[in-house]
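Data first, discussion second: the structure below is written as structure tokens.
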Amino acid sequence: MECVLFDKYPGLKKHIAWVPLGSFPTPVRRLAKLGEEIGCRNIWIKEDDKSSEYYGGNKVRKLEFILADALRKKKRTILTYGGLGTNHGLATTIHGKRLGLKTLLLLVDQPLTDHVQKNLLLCQHFGAQLCYVRNTIGAALNTIRHFLTKTALYYLPPGGSSPLGSLGFVAAALELKRQIDAGELPEPKYIFVALGSKGTMAGLLVGSRLAGLDSKIVGVRVAYTWLANERSTARLANKIISLLTGYDEAVPTIRFKEEDVSVLHDYCGKGYGFATSEGKEAMEILNTTESIRLDLTYTAKTFAAVLDLIKSGKIQGDAPILYWHTYNSVDFTRTIKQECDCRQLPKSFHRFFEANLIPYLQ
Ligand SMILES: Cc1ncc(COP(=O)(O)O)c(C=O)c1O
């Protein structure tokens with residue numbers, strides 16, 4: 001199996017490590033039933049939820065580059081970060097384990113939900129070492145401590161959004177271009193995607209330019225503004241370009257400015273991990289019409305933005321719209337019910353189960 005990025009730029013192959021972890025291309029399809037319901041016939045989905053039978057969602061594409069790099073550098077443990085219910089941490093744990101790598105997760109507070117509890121249980125179940133660090137200061141101090149006391153650690157920024165990890169979404173845009181050329185979907189006028197640690201959007205921005213796509217990439221901010229904004233996304237996109245041009249001069253030197261990045265800021269609600277009522281509605285409508293599951297932290301807010309823009313007439317009725325689905329759809333209900341026990345978690349995590357201990361002890 002070959003990565004589409006190396007097909008386009010073969011010169012990159014000897015410099016950049018890559019390991020196949022997922023099932024690509026992910027499908028694209030028209031959301032016909034939803035379209036009927038909301039009066040918008042040209043709405044499409046890119047189903048990255050189906051990117052892996054082990055654990056899908058947007059992280060798989062990033063991990064194909066990151067974990068390969070860790071292996072090439074002979075690292076044994078990935079040290080990374082997230083909120084208590086981190087999807088990125090879970091994806092890293094599951095896919096890292098497939099390659100014989102351990103994962104050390106430094107976790108900060110986020111609003112406690114059922115989803116957070118489930119992801120904590122799954123991270124423990126799949127063998128992550130969990131370390132509760134409360135906030136970003138705790139994360140910084142614990143990072144220093146671990147790097148001073150452990151060997152063969154691989155540093156992975158939150159969300160897997162290093163320039164290297166973001167190459168997964170450069171490749172994703174090239175993959176989408178092939179699907180458009182093959183007539184599987186029209187070229188989208190808009191592509192909507194959640195904007196958290198930015199690697200997904202920044203990779204798509206770079207990849208769509210390289211692929212010659214005219215689609216406008218629109219990020220729906222779901223994290224705090226200091227982290228997720230136009231300037232920081234442009235900066236990451238430029239770092240991705242520098243990485244690529246440094247290895248292969250066939251890659252054109254493109255520069256992104258803040259003005260080139262479109263971010264919607266009005267759908268985040270109170271902050272990262274806080275559910276919004278519009279998000280809950282979006283979750284409900286997509287589930288009833290298309291049986292697609294959204295999560296409240298990222299994808300429900302993103303889809304709420306899409307629905308709002310359609311309803312308010314801010315995007316034209318006929319323009320093809322692509323919603324990039326980034327949430328995993330592998331169902332772990334049975335694993336959680338039958339194989340997880342919150343008492344196995346380190347003591348510092350027990351408090352997150354006190355209010356709701358019983359369901360997880362069955
Ligand atoms: C389900 C889901 N969607 C979207 C994102 C955001 O992607 P990024 O962090 O690359 O901006 C994440 C990040 O963790 C995620 O878990």
Side-chain angles (χ1 to χ4, degrees), residues 26 45-52 55-66 80-95 105 107-108 110 113 115-116 118-119 122-123 156-173 191-207 217-225 227-230 232-237 239-240 261-264 267-268 272-273 275 279 282-283 286 292-306 323-330:
T26 54
I45 187 169
K46 176 78 169 148
E47 296 182 303
D48 265 16
D49 59 307
K50 298 185 175 143
S51 60
S52 160
Y55 185 86
N58 62 337
K59 304 305 173 193
V60 182
R61 295 181 185 274
K62 298 178 180 182
L63 290 169
E64 291 190 329
F65 288 94
I66 292 162
T80 193
Y81 312 85
L84 288 166
T86 173
N87 297 324
H88 156 67
L90 181 56
T92 306
T93 305
I94 290 175
H95 292 289
L105 296 179
L107 301 179
V108 301
Q110 79 172 82
T113 62
H115 174 77
V116 167
K118 285 178 179 162
N119 271 15
L122 290 170
C123 284
L156 180 58
S161 288
S162 58
L164 188 71
S166 308
L167 293 183
F169 276 88
V170 178
I191 298 176
F192 288 93
V193 71
L195 181 69
S197 64
K198 308 175 292 280
T200 305
M201 182 177 184
L204 286 177
L205 279 169
V206 172
I217 317 289
V218 183
V220 180
R221 181 175 66 78
V222 299
Y224 293 100
T225 328
L227 176 74
N229 57 59
E230 291 81 352
S232 60
T233 307
R235 203 180 306 130
L236 179 56
K239 283 187 186 165
I240 299 169
V261 180
S262 295
V263 179
L264 300 176
Y267 300 90
C268 185
Y272 176 78
M283 199 174 202
L286 202 55
I292 294 169
R293 250 174 5 112
L294 300 177
D295 76 297
L296 286 168
T297 302
Y298 297 95
T299 49
K301 290 179 181 180
T302 307
F303 208 73
V306 176
Y323 159 67
W324 204 296
H325 191 31
T326 49
Y327 185 44
N328 157 66
S329 59
V330 176

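Note that ligands are numbered from 1 as they come in the structure, with each ligand's atoms numbered from 1 the same way. Along the sequence shown, the residues carry numbers beginning at 1.
- Listed for the Lys59 side chain is no donor-acceptor partner under 3.5 Å among the backbone atoms of Leu90.
- The distance from the CZ atom of Arg221 to the CG atom of Leu227 is 10.0 Å, given to the nearest 0.5 Å.
- Asn87 ND2, 2.9 Å is the protein heavy atom nearest to atom 16 (O) of ligand 1.
- Between Lys198 and the choices Leu236, Asn229, Val261, the side-chain contact (heavy atoms from CB on, under 4.5 Å) rule is met once, by Leu236.
- Ligand 1 has no N or O atom lying under 3.5 Å from any N or O atom of Tyr327, backbone or side chain.
- In this structure, the protein non-hydrogen atom closest to atom 9 (O) of ligand 1 is Ser197 OG, 2.5 Å.
- Classified by interplanar angle (parallel below 30°, tilted 30° to 60°, perpendicular above 60°), the ring pair His325/Tyr323 is tilted.
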Test side chain to side chain donor-acceptor pair (under 3.5 Å) on Lys46 and Thr26 and set out the steps.
-> CA-CA 7 Å; Lys46 176 78 169 148; Thr26 54; 3.0 Å; yes

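- Atom numbering of ligand 1 starts at 1 in the shown order; those under 4.0 Å from a heavy atom of Thr200 are 7 (O), 8 (P), 10 (O).
- No side-chain donor-acceptor contact under 3.5 Å links Gln110 to the backbone of Tyr272.
- Heavy-atom separations between Ser161 and ligand 1 include at least one value shorter than 4.0 Å.
- The side chain of Lys62, and not its backbone, has at least one atom closer than 4.0 Å to an atom of ligand 1 (non-hydrogen atoms only; side chain from C-beta on).
- Using a 4.0 Å cut-off between heavy atoms, Asn58 contacts ligand 1 through its side chain alone, with no backbone atom that close.
- Annotation: atom 13 (C) of ligand 1 to nearest protein heavy atom, Lys59 NZ, 2.7 Å.
- Within the 4.0 Å heavy-atom criterion, neither part of Ala228 lies near ligand 1.
- At the top of the distance list for atom 1 (C) of ligand 1, counting protein heavy atoms only, stands Thr326 O, 3.4 Å.
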Trace of the side chain to side chain donor-acceptor pair (under 3.5 Å) decision for Asp48 with Thr326 = CA-CA 5 Å; Asp48 265 16; Thr326 49; over 6 Å; no

Can Thr297 and His115 be said to form a side chain to side chain donor-acceptor pair (under 3.5 Å), step by step?
-> CA-CA 10 Å; Thr297 302; His115 174 77; 5.7 Å; no

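- Look at Met201 and you'll find every heavy atom at least 4.0 Å from all atoms of ligand 1.
- For the residues Gly203, Gly199, Gly196, the heavy atom positioned nearest atom 11 (O) of ligand 1 is part of Gly196.
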